[in-house]
*Asks:* 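The structure is given below, and queries will be raised subsequently.
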Amino acid sequence: MELKGYLKKYFNFDEFRPGQQEAVESIIGNQHTIAMLPTGTGKSLCYQLPGYMSEGPVLIVSPLLSLMQDQVEQMMAMGEKRVVALNSFLTPPQKAKALENLHHYKFIFISPEMLGMESVIDRIKGLSVSLFAVDEAHCISQWGYDFRPDYLKLGEIRRKIGEPLTLALTATATNEVRRDIADKLLLEKWNEIVFSVDRPAISLALEKVSHFQEKQQRTMQLVRFLKGPGIIYFSSKKVAEQTSAYLREHGISKVMAYHGGLDSESRILIQQQFINGQLDVVCATSAFGMGINKENVRYVIHFHMPMQIESYLQEIGRAARDGGDSVAILIYSPGDEQLAFQLAEAELPDEFQIERLFTFLIENNVVYQDITRLEEELAMFCGFTDIQWRIVENYLSNLESVDYNQDKRSLLHLLDNRLKVKQSKIKQMLEWIHSQECKRAVILRTFNEKLEDRPENCCSYCGIEMEDFKETDASSDERPIGVDWKQDLASILLLSERI
DNA sequence: CGGTTAGCCGCTAGCGGCTAACCGGTGCGCTAGT
């Protein structure tokens with residue numbers, strides 16, 4: 001049977017979406033594959049179809065519990081019963097049972113952390129996995145070095161389970177990141193399927209303001225003016241909450257803040273309300289977005305700048321899933337980059353903390369195998385955050401022998417390099433903000449692409465007609481008519497002045 | 001770096017104004033205690 005026959009048989013589709021066929025062919029051709037496909041092309045089909053066409057289970061590494069649950073539910077709804085998510089949503093007896101019956105499943109979703117456990121690896125070893133799929137694979141590069149170190153262990157785990165055929169899926173990865181993904185997964189040879197990161201339906205706007213208050217006012221103007229629904233991204237939970245309250249106080253009622261500090265019930269509720277159209281605006285941190293498949297998001301505003309261009313692309317990419325005209329607006333005020341630099345610095349342990357750490361290790365003659373046991377004491381003594389501690393622990397516990405001075409130097413060196421990488425990404429983002437040329441072209445260049453077809457409403461450098469993104473539905477417009485129009489006009493004038 | 005807040009001073013009894021200190025994102029799994 002031809003590939004399309006299988007597509008019809010298992011999914012009842014007649015045609016592949018862009019990139020799917022290439023990815024599937026590469027996999028069934030038994031080649032390790034890194035596939036960079038545009039958002040909304042149905043990446044899950046790329047591992048599901050080859051899964052159906054071969055013996056043995058598919059193991060899918062996923063970054064988020066909610067993402068796994070969604071995928072499992074979707075597949076169940078499609079009639080696939082042999083699917084399981086192996087994560088902490090399972091009670092210990094459920095987990096034990098799932099592990100016991102693992103050979104009955106065709107699709108096994110798992111977090112990198114759970115996959116790092118020896119007991120789980122041992123169980124998976126015996127399964128002869130047909131495909132090892134890593135969803136949102138840019139997380140390896142973006143999170144693995146500090147935030148979620150288990151991402152860097154995936155290669156070693158791949159080895160342990162017999163080097164199965166591997167598929168890494170992502171929507172945004174530069175050449176460098178793709179190389180890093182292959183490197184960390186210990187792939188020697190692989191095939192790349194790379195589609196453009198360009199999203200012609202999204203116009204890119206940059207606006208400069210001079211202070212915080214002005215930014216807040218401009219944000220409100222935009223929310224009033226633009227056709228929703230929309231997402232506003234912040235780098236601070238407090239400012240997201242505060243702006244959400246500010247908008248509500250000014251008559252924009254269907255707004256909520258979303259960030260990692262909320263309890264999980266609230267997070268699920270807000271996400272669902274946004275998807276169902278009960279909310280117009282979400283004031284969010286970077287916690288919001290992965291796995292949100294909402295077709296009609298019409299704008300994304302960045303109140304704070306993201307820490308790297310890839311994050312910016314991921315975040316604006318949540319607009320225009322339906323292909324309709326949308327706009328991404330980053331509002332910059334001088335000094336905004338300081339917050340980004342601050343966050344980057346605070347994530348890694350500083351020199352002083354490392355000095356204290358080694359003072360303690362030397363005085364107590366600690367061997368590295370014992371450091372996990374000393375977590376509380378060391379974290380207190382050095383003032384480590386959870387993440388800082390994990391970086392240190394991960395580094396030391398992987399060392400073979402002990403040479404305190406040498407190890408201290410190399411750890412400091414590693415941390416210094418890591419910080420420099422983060423800083424250079426922020427600088428690159430800043431260069432984009434200050435660039436005096438087509439905003440789209442600059443982003444594409446980062447991904448080694450050239451802008452071929454410039455969309456009509458390309459970017460604020462090439463010129464954008466903001467009227468095209470205006471709210472026109474009179475029924476959702478409850479403001480007094482006179483004020484409204486003046487405000488709208490003012491916002492258009494303000495915008496054209498700024499560019 | 002810049003926004004927020006707690007605390008203090010001053011002049012006259014509650015409040016304005018100043019300064020110093022503090023804080024800032026992303027998730028998994030597990031465990032203790034309700």
Side-chain angles (χ1 to χ4, degrees), chain A residues 61-69 85-92 94-95 109-120 135-136 138-154 209-216 232-243 245-246 257-264 267-268 283-292 302-308 310-312 314-315 332-348 372 375-376 383 385-391 393-394 422-423 425-426 429-430:
Chain A
V61 179
S62 172
L64 258 48
L65 300 182
S66 59
L67 217 60
M68 285 186 232
Q69 300 300 120
L86 218 52
N87 59 38
S88 59
F89 280 178
L90 301 177
T91 61
Q94 283 174 328
K95 185 185 161 194
F109 289 85
I110 193 164
S111 66
E113 286 81 5
M114 185 72 87
L115 188 55
M117 296 175 183
E118 285 301 328
S119 59
V120 175
D135 198 10
E136 308 286 357
H138 58 275
C139 292
I140 294 176
S141 216
Q142 199 174 321
W143 285 350
Y145 292 95
D146 28 56
F147 184 47
R148 292 178 69 180
D150 286 279
Y151 259 107
L152 289 196
K153 298 176 188 159
L154 289 179
V209 295
S210 43
H211 355 263
F212 185 83
Q213 281 87 353
E214 201 184 335
K215 197 189 266 194
Q216 221 165 22
I232 311 174
Y233 276 107
F234 299 83
S235 298
S236 151
K237 296 185 257 195
K238 201 153 74 180
V239 180
E241 287 280 5
Q242 183 193 306
T243 307
Y246 177 79
Y258 182 106
H259 51 74
L262 302 176
D263 56 62
S264 58
R267 288 176 66 159
I268 292 167
C283 294
T285 61
S286 55
F288 187 73
M290 223 187 255
I292 295 207
H302 276 91
F303 192 98
H304 290 130
M305 60 181 272
M307 302 194 33
Q308 50 184 85
E310 289 107 303
S311 307
Y312 174 73
Q314 287 262 340
E315 287 163 4
Y332 174 82
S333 65
D336 278 357
E337 62 277 14
Q338 292 308 325
L339 176 55
F341 282 124
Q342 191 54 48
L343 287 170
E345 210 171 296
E347 184 169 29
L348 304 167
T372 305
E375 168 170 359
E376 240 169 81
T385 63
D386 280 6
I387 295 164
Q388 289 173 336
W389 167 250
R390 229 163 317 133
I391 298 167
E393 182 190 27
N394 201 48
K422 283 172 176 274
Q423 287 170 337
K425 292 198 179 245
I426 296 169
M429 189 69 222
L430 204 56

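None of the values given here were measured: they were computed from a predicted structure. Every chain is numbered from 1 and lettered A, B, ... according to where its sequence line falls, protein lines coming before strand lines.
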*Asks:* What does A/Gln142 touch in the nucleic acid at a heavy-atom separation under 4.0 angstrom: a base, only the sugar-phosphate, or nothing?
*Replies:*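 It contacts nothing in the nucleic acid.
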*Asks:* Between A/His304 and A/Phe234, how do the two ring planes meet: parallel, tilted or perpendicular, split at 30° and 60°?
*Replies:*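 The rings of A/His304 and A/Phe234 stand perpendicular, inter-plane angle above 60°.
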*Asks:* If only side-chain N and O atoms of A/Ser286 are considered, is one of them under 4.0 Å from the OP1 or OP2 phosphate oxygen of B/dT26?
*Replies:*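 A/Ser286 to B/dT26 OP1/OP2: no side-chain N or O under 4.0 Å.
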*Asks:* Distance check, C1' atoms only: B/dG33 and B/dG10, in whole angstrom units.
*Replies:*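 50 Å, rounded to whole Å.
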*Asks:* Taking pairing as Watson-Crick or G-U wobble with both contacts under 3.5 Å, can you name the mate of B/dT12, or confirm there isn't one?
*Replies:*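 When the pairing criteria are applied, nothing turns out to pair with B/dT12, so the answer is none.
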*Asks:* To the nearest Å, how far apart are A/Lys237 NZ and B/dC23 C1'?
*Replies:*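 Nearest whole value for this atom pair: 11 Å.
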*Asks:* Answer yes or no as to whether B/dT26 has its base stacked against A/Phe147, where stacking requires a ring-centre separation under 5.5 angstrom and planes under 30 degrees apart.
*Replies:*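 A stacking contact exists, since A/Phe147 sits close and nearly parallel to the base ring of B/dT26.
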*Asks:* Paired with B/dG33 by Watson-Crick or G-U wobble geometry, both distances under 3.5 Å: which nucleotide is it?
*Replies:*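 Across any shown strand, B/dG33 pairs with none.
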*Asks:* In the strands shown, is B/dC18 matched to any nucleotide by a Watson-Crick or G-U wobble pair with both distances under 3.5 Å, and which?
*Replies:*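 Because both required distances fall under 3.5 Å, B/dC18 counts as paired with B/dG7.
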*Asks:* Return the pairing partner of B/dG2 with a 3.5 Å limit on both distances, Watson-Crick or G-U wobble; otherwise return none.
*Replies:*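 Pairing partner: B/dC23.
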*Asks:* Taking atom P in both B/dT26 and B/dT31, compute the distance separating them and give it to the nearest angstrom.
*Replies:*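 Straight-line distance between the two P atoms is 26 Å.
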*Asks:* B/dG17 and B/dT12: how far apart are their C1' atoms, nearest whole angstrom?
*Replies:*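 My reading of the C1' atoms in B/dG17 and B/dT12 gives 16 Å.
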*Asks:* Round to the nearest Å and state the distance from A/Asp146 atom CG to B/dC28 atom P.
*Replies:*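 Checked: the CG to P distance equals 16 Å.
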*Asks:* For the side chain of A/Lys95, starting at C-beta, report the closest nucleotide among B/dC30, B/dG25, B/dT26.
*Replies:*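 Out of B/dC30, B/dG25, B/dT26, the nucleotide with an atom closest to A/Lys95's side chain is B/dC30.
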